[in-house]
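One structure below.
The first residue in the sequence is number 1, and the count goes up from there.
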Amino acid sequence: YALCLYYDDVEILMLPISDIIERVHSGQMPDKDQPRYNQQAPVVVWNVNRACNMTCPHCYASASKNPAQDGPTKEQALYVIENLSRAQIKVIIFSGGEPLLRSDLLQLMAYAREKGMQCHLSSNGTLVSADLAGKLREVGVSYAGISLDGSASFNDRYRGLVGGYELALAGLDYLQHCGIRTGLRF
C-alpha cells in the first residue's frame, strides 16, 4: 500500500506504508524539533479500497465495480492508523475507489479521530444520504471533497453512472447541512 503525502498543498511524495511502519518499529521517529517543510505535518491520502460505483476512465486508483482485492482488512487498517499516529500524521484523507463502499469506514475514521487526527473524505458523493452525512459528522469528518466532471450529461456519461451528477450534488448538500466543510473537485 502507498501513501500520498502533501506538503502545503503543493509538493507530493509517494511512500509505501511499510516504510512508515518500519520506521516506527525501529525507533526512527521524526525529531519533534526538526523543521518540516513550511512547518506543517504531511497530509496522508489513503486509498482504503478499490471498489467504486462508477467507472471513471481517469481513475488513478484503478478502481472497479468488482475489484480483485479491496484494500486492507479492518485489523490491518487499524494497525496502519495506529502507526500513522505514531509517525505524527495529523490529517488523513480517506479516498479510494469510493471509500463510502467500505463497510467499516466510519469505524476507521472514529479510530483516527481518537488518535488525534483530522479526518477528511474524498468521494464521488453519490452515496451520501442525510443519515450518512450525520454519521460522518458524528465521527468527526471535518472536510469532504466531492468529484464532478463538467455538466450533468457529460459527468454521467464520463463517470458511467446515470444520475450521478444529481446524486453528487445532493450528497454535497447533505454534507453542508451537517456542518461539514465541502469542496468540489473537477
Using modelled atom types and a 3.5 Å cut-off, is there a donor and acceptor pairing between side-chain atoms of Asp156 and backbone atoms of Gly163?
yes
I'd like to check Val91 versus His120 (side-chain heavy atoms, cut-off strictly below 4.5 Å). Are they in contact?
yes
Where do Leu136 and Met109 land on the side-chain contact (heavy atoms from CB on, under 4.5 Å) test, with the steps shown first?
CA-CA 8 Å; Leu136 290 166; Met109 291 174 153; 3.9 Å; yes
ILVMFWY cluster, Leu184 and Tyr158 together (side-chain gap under 4.5 Å)
no
For a 4.5 angstrom cut-off between non-hydrogen side-chain atoms, does Trp46 reach Val80?
yes
Between Thr126 and Asn124: side-chain donor-acceptor atoms closer than 3.5 Å
yes
Assigning hydrophobic clusters by single linkage (Ile, Leu, Val, Met, Phe, Trp, Tyr; side-chain heavy-atom cutoff under 4.5 Å), is Val141 placed with Leu78?
yes
Following the transitive rule for hydrophobic clusters with a side-chain heavy-atom cut-off under 4.5 Å over Ile, Leu, Val, Met, Phe, Trp and Tyr, establish whether Leu127 and Leu172 coincide in one cluster.
yes
Rounded to the nearest 0.5 Å, how far apart are CG of Leu121 and OG of Ser142?
10.5 Å
Cluster overlap Leu161 with Phe154, hydrophobic side-chain contacts below 4.5 Å:
no
Go through the steps to decide whether Leu108 and Ile92 satisfy the test side-chain contact (heavy atoms from CB on, under 4.5 Å), and finish with yes or no.
CA-CA 11 Å; Leu108 300 180; Ile92 299 178; over 6 Å; no
What distance do Met54 atom CE and Ser147 atom OG have between them, rounded to the nearest 0.5 Å?
9.0 Å
Going by heavy atoms in the side chains, are Ile81 and Met117 under 4.5 Å from each other?
yes
Going through the checks in order, is the side-chain contact (heavy atoms from CB on, under 4.5 Å) test met by Asp149 and His58?
CA-CA 11 Å; Asp149 288 304; His58 65 278; 3.5 Å; yes
Starting at CG of Leu132, measure out to CD of Glu138 and round the result to the nearest 0.5 Å.
10.5 Å
Asn47 side chain to Gly97 main-chain N or O, any donor-acceptor pair under 3.5 Å?
no
To the nearest 0.5 Å, what is the distance between SG on Cys56 and CG on Asn155?
8.0 Å
About how many Å separate OG of Ser129 and CG of Leu100, when rounded to the nearest 0.5 Å?
9.5 Å
Rounded distance (nearest 0.5 Å) linking atom CZ of Arg159 with atom SG of Cys59
9.0 Å
Can Val44 be reached from Tyr111 by stepping across I, L, V, M, F, W or Y side chains whose heavy atoms are under 4.5 Å apart?
yes
Are Leu175 and Ile146 side-chain neighbours, meaning at least one heavy-atom pair lies under 4.5 Å?
yes
Using atom types as modelled and distance alone, determine if a side-chain donor or acceptor of Asp173 lies under 3.5 Å from a backbone N or O of Leu169.
no
Do you know the tightest heavy-atom contact between Pro72 and Arg102?
O-NH2, 2.8 Å
Non-hydrogen atoms of Ser123 and Glu98 that approach each other most closely:
OG-OE2, 2.9 Å
Lys135 versus Asp131: any side-chain heavy-atom pair under 4.5 Å?
yes
Work out which heavy atom in Ala51 is nearest to a heavy atom in Asp70; give both atom names and the distance.
N-OD1, 3.0 Å
When every non-hydrogen atom of Arg185 is compared with those of Ser122, the smallest separation belongs to NH1-OG, 2.6 Å
To check you understand the geometry: which heavy-atom pair defines the closest contact between Thr55 and Lys65, and what is its length?
CG2-CE, 3.9 Å
Between Ser62 and Arg50, the two heavy atoms sitting closest are CB-NH1, 4.3 Å
